[in-house]
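The figures here come from the full heavy-atom set of this structure, side chains too, leaving out hydrogens, waters and symmetry mates.
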There are 4 protein chains.
Amino acid sequence: MAGPGRRGPKRSEEARVAILEAAARRVMTDGYDHLTMEGVATEAKVGKQTIYRWWPSRSALVADCLAERLLLPELFVPDDSGDLHADVTRWLDNIVGFLNAPGNAGLLHSLVVAAAENPDVAAILNDRLGLWEMLDERFTQAVTAGQLPPTTPVPELGDALIGAIVLRGLRNGDLGPTFTQGLVQLLLPPRET
Amino acid sequence: MAGPGRRGPKRSEEARVAILEAAARRVMTDGYDHLTMEGVATEAKVGKQTIYRWWPSRSALVADCLAERLLLPELFVPDDSGDLHADVTRWLDNIVGFLNAPGNAGLLHSLVVAAAENPDVAAILNDRLGLWEMLDERFTQAVTAGQLPPTTPVPELGDALIGAIVLRGLRNGDLGPTFTQGLVQLLLPPRET
Amino acid sequence: MAGPGRRGPKRSEEARVAILEAAARRVMTDGYDHLTMEGVATEAKVGKQTIYRWWPSRSALVADCLAERLLLPELFVPDDSGDLHADVTRWLDNIVGFLNAPGNAGLLHSLVVAAAENPDVAAILNDRLGLWEMLDERFTQAVTAGQLPPTTPVPELGDALIGAIVLRGLRNGDLGPTFTQGLVQLLLPPRET
Amino acid sequence: MAGPGRRGPKRSEEARVAILEAAARRVMTDGYDHLTMEGVATEAKVGKQTIYRWWPSRSALVADCLAERLLLPELFVPDDSGDLHADVTRWLDNIVGFLNAPGNAGLLHSLVVAAAENPDVAAILNDRLGLWEMLDERFTQAVTAGQLPPTTPVPELGDALIGAIVLRGLRNGDLGPTFTQGLVQLLLPPRET
DNA sequence: AAATAAACGAGACGGTACGTCAGGTCTTAGA
DNA sequence: TCTAAGACCTGACGTACCGTCTCGTTTATTT
């Protein structure tokens with residue numbers, strides 16, 4: 001967009017940040033479906049056109065918020081302590097703990113809606129957030145280490161894990177220890193003791 | 001709403017059906033997020049008030065469409081042939097086949113959005129559609145029959161199965177045989193040969 | 001627009017009047033070029049769409065204000081006392097007095113702009129206001145009565161009279177007795193005494 | 001361009017002319033009310049600031065276009081052949097011919113609007129264009145020569161003449177020979193035969 | 001039968017937000 | 001230091017729908 005030998009003023013970093021922060025704040029408080037461009041513009045003290053100049057839609061705005069870690073600040077990297085059960089359990093507890101935190105009640109709903117409405121958001125959630133990537137890595141490592149059978153369908157394992165969480169979350173179902181332990185027991189081979 | 005000794009005309013079944021069909025058509029063609037009450041009213045040749053008289057919101061409308069099987073006509077009942085692998089594989093192929101069908105491209109997205117925005121829709125998808133219920137039943141039966149270990153966390157198994165499908169669908173990812181076979185292999189114990 | 005056997009609610013006279021009055025007020029205070037649809041809507045406590053439903057543009061709004069005598073309440077009918085000089089002088093003084101009145105400073109400018117931008121406004125000023133028509137009538141009568149030569153080009157006489165006033169007004173020039181007397185002397189044959 | 005011993009570039013004559021020509025072109029084609037600063041800047045390949053540096057408003061731009069004869073190239077100087085009727089008739093025909101020329105349809109409207117909205121434009125039209133001045137001169141000469149009575153209110157005569165034209169033009173009325181002849185007959189004393 | 005009342009189609013109403021256009025100011029890089 | 005480019009905040013544009021509220025018509029019960 002901005003060539004190297006471009007004339008004119010540079011994009012205002014101040015405005016950019018103010019917009020993203022306002023958008024993230026609105027999503028957290030009111031949910032994605034009550035997010036409006038005008039609301040963001042007002043809250044960010046910015047002209048509407050400044051938003052539309054750089055983002056084509058509110059979902060693109062949310063995608064950028066995600067990319068800048070303004071909505072999901074934590075990375076949820078699974079540990080690699082050698083104990084797969086423990087690592088996955090801890091990872092699950094982290095995520096579930098985050099989703100159960102007071103302010104994050106509607107966040108999952110918002111992100112799912114945003115992702116369903118805009119492939120870019122889905123892509124960001126996929127790639128930039130790295131949930132799948134990190135799980136794949138950890139599970140591939142587990143296969144190498146013999147903690148998982150070599151025939152394990154790693155991608156499906158990730159989908160099943162995250163999918164179960166999302167589904168439960170959408171239904172406002174139980175996201176407690178019963179759930180996480182059930183998942184671990186279901187998806188990981190019995191711990192050899 | 002309509003007392004026994006009520007005066008005046010009865011609720012018009014014609015209008016009711018026209019509205020639901022128009023709504024279902026719109027969701028199928030344009031997606032849930034482009035569904036508008038005015039659009040439905042126009043397409044159903046009905047006054048807006050007639051919609052608002054009976055449904056409080058567009059998501060309630062979609063919930064009713066679901067309940068009337070106008071959006072998901074099939075029931076996806078898992079077989080019980082005694083061969084769990086085969087039954088689950090067939091069930092998965094049915095669902096995936098439906099989702100991959102030409103007209104149903106955006107349907108999953110629409111339903112997820114509707115469910116995320118309105119708990120009633122989520123409840124309908126849960127209860128009335130009976131996906132979880134039927135899976136639970138089949139898996140419980142499998143536990144009884146010794147096809148699954150008695151410790152199997154049945155609810156989580158259902159969530160993992162459906163969750164993986166939904167997640168893949170949302171990302172427009174591969175919903176082919178590799179995926180379904182991977183899921184079966186992952187979630188069911190190895191077939192005893 | 002509204003057929004005779006139309007169902008539905010009737011057009012709200014309250015809203016119609018509020019809009020016209022707000023528009024007229026704005027034109028009087030701020031001038032036609034600062035007239036905005038949003039301003040009118042706000043001042044009339046009306047939705048914007050209610051304005052656009054009935055008037056296609058702000059000039060149409062002004063045209064209607066004129067037609068309803070909200071901007072030019074007086075009719076400026078020339079007398080017919082038999083004394084043409086006196087009658088025309090009185091008519092001129094009326095008009096000039098109106099234009100010179102405190103609140104009406106920018107009105108002429110506004111109306112000229114509105115008329116130049118929208119033929120409908122021009123037509124209203126022509127026909128409904130009846131300036132030309134009344135002058136034509138008076139002058140035709142004068143021709144009949146022998147107060148004007150039979151060859152008098154009556155339409156041009158009206159244009160010259162009104163045109164001179166408009167031109168002076170636009171330039172914020174002198175609109176005093178010198179001007180009116182000059183016009184009378186110029187355009188009417190010398191008084192026979 | 002830059003004189004010797006001068007620091008920094010002088011005002012770009014190229015830019016100035018390009019701006020004025022673009023503005024004049026826009027007024028001729030789209031009319032004054034569709035004239036935009038951004039449009040002129042784009043068409044003149046000039047930064048907006050370069051316009052605002054030298055002209056405070058679009059009406060000032062139009063005023064300058066007038067002053068540079070980019071909009072009204074002709075001067076409309078009345079002849080002084082000794083025959084007042086002929087001279088005025090010729091002058092009227094010139095003006096009317098210009099206004100009736102194909103490309104000049106909306107020009108009168110545009111100029112009237114610009115003049116009504118901005119006194120500077122009105123002043124330019126008054127002074128620089130010299131319509132009134134030249135008419136005054138010619139009529140004063142006519143008075144001296146005895147072609148007009150000594151009591152003729154010369155300024156009002158000019159206003160009546162030009163005002164009639166403007167009014168007719170605004171109403172898109174007839175600007176043909178009937179009109180011009182009528183005006184001459186009305187405003188000038190009968191030709192002495 | 002007449003009166004009554006609800007449901008219907010139509011659509012006007014006050015609003016909110018949309019996405020765009022232009023205004024006028026300010027900033028940057030190039031000549 | 002003037003220019004071309006263009007980002008910025010502001011505000012109005014005209015449109016799409018929202019959910020509510022009349023209208024006048026059409027049924028279906030009571031009285």
Problem set entry | Atom pair distance, as rounded to whole Å: CD in D:Glu13 and P in F:dC2 | 15 Å

For this session: Would you name the heavy atoms of A:Ser110 and A:Tyr32 that are closest together and state the gap between them?
Result: OG-N, 2.8 Å

Exercise. Can you check the B:Ile19 CD1 to E:dA7 C1' distance for me, whole Å?
Worked result: 11 Å

Seminar exercise, completed: Assign each of D:Arg58 and A:Arg58 the nucleotide of DNA chain E bearing its closest heavy atom; nearer the 5' end lies the nucleotide of A:Arg58

For this session: Looking only at side-chain atoms of A:Thr36, point me to the closest of E:dC18, E:dG23, F:dC13.
Result: E:dC18

Seminar exercise, completed: Of the candidates E:dA6, F:dA4, F:dC8, the side chain of D:Val46 sits closest to F:dA4

Seminar exercise, completed: C:Asp33 atom CG is separated from F:dC13 atom P, nearest whole Å, by 13 Å

For this session: Round to the nearest Å and state the distance from B:Glu38 atom CD to E:dG9 atom P.
Result: 15 Å

Exercise. B:Glu14 CD to F:dT26 P: how many Å, rounded?
Worked result: 15 Å

Exercise. Rounded to the Å, how far apart are A:Tyr52 OH and E:dA22 C1'?
Worked result: 17 Å

Exercise. Can you find a side chain N or O atom of D:Thr50 that sits less than 4.0 Å from OP1 or OP2 on F:dA4?
Worked result: yes

Exercise. Between B:Lys45 and B:Glu14, is there a salt bridge with N-O shorter than 4.0 Å?
Worked result: no

Seminar exercise, completed: Here the distance between atom P of E:dG19 and atom CG of A:Leu61, to the nearest Å, is 12 Å

Seminar exercise, completed: Ranking A:Gly47 and C:Pro56 by the position along DNA chain F of their nearest nucleotide, the one closer to 5' is A:Gly47

Exercise. Between F:dG14 and C:Trp55, is there an OP1 or OP2 to side-chain N/O distance shorter than 4.0 Å?
Worked result: no

Exercise. Rounded to the Å, how far apart are D:Arg53 CZ and F:dG6 P?
Worked result: 16 Å

Seminar exercise, completed: Closest non-hydrogen atoms of C:Arg26 and C:Val40, given as atom of the first, atom of the second and distance, are NE-N, 4.4 Å

Problem set entry | Note: A:Arg16-A:Glu68 ion pair, threshold 4.0 Å (strictly below) | yes

For this session: Would you please confirm or rule out a distance under 4.0 Å between OP1 or OP2 of F:dC8 and any side-chain N or O of A:Trp54?
Result: yes

For this session: Determine the minimum heavy-atom distance between B:Leu71 and B:Ala24, stating which atoms define it.
Result: CD2-O, 3.9 Å

Exercise. Which nucleotide in the set F:dT25, F:dC18, E:dT28 lies at the smallest distance from any side-chain heavy atom of B:Met37?
Worked result: F:dC18

For this session: Find which nucleotide of DNA chain E each of B:Pro9 and C:Lys45 is nearest to by heavy atoms, and output the residue with the more 5' nucleotide.
Result: B:Pro9

Seminar exercise, completed: The answer to which of A:Lys48 and B:Gln49 contacts DNA chain F further toward the 5' end, by nearest nucleotide, is A:Lys48

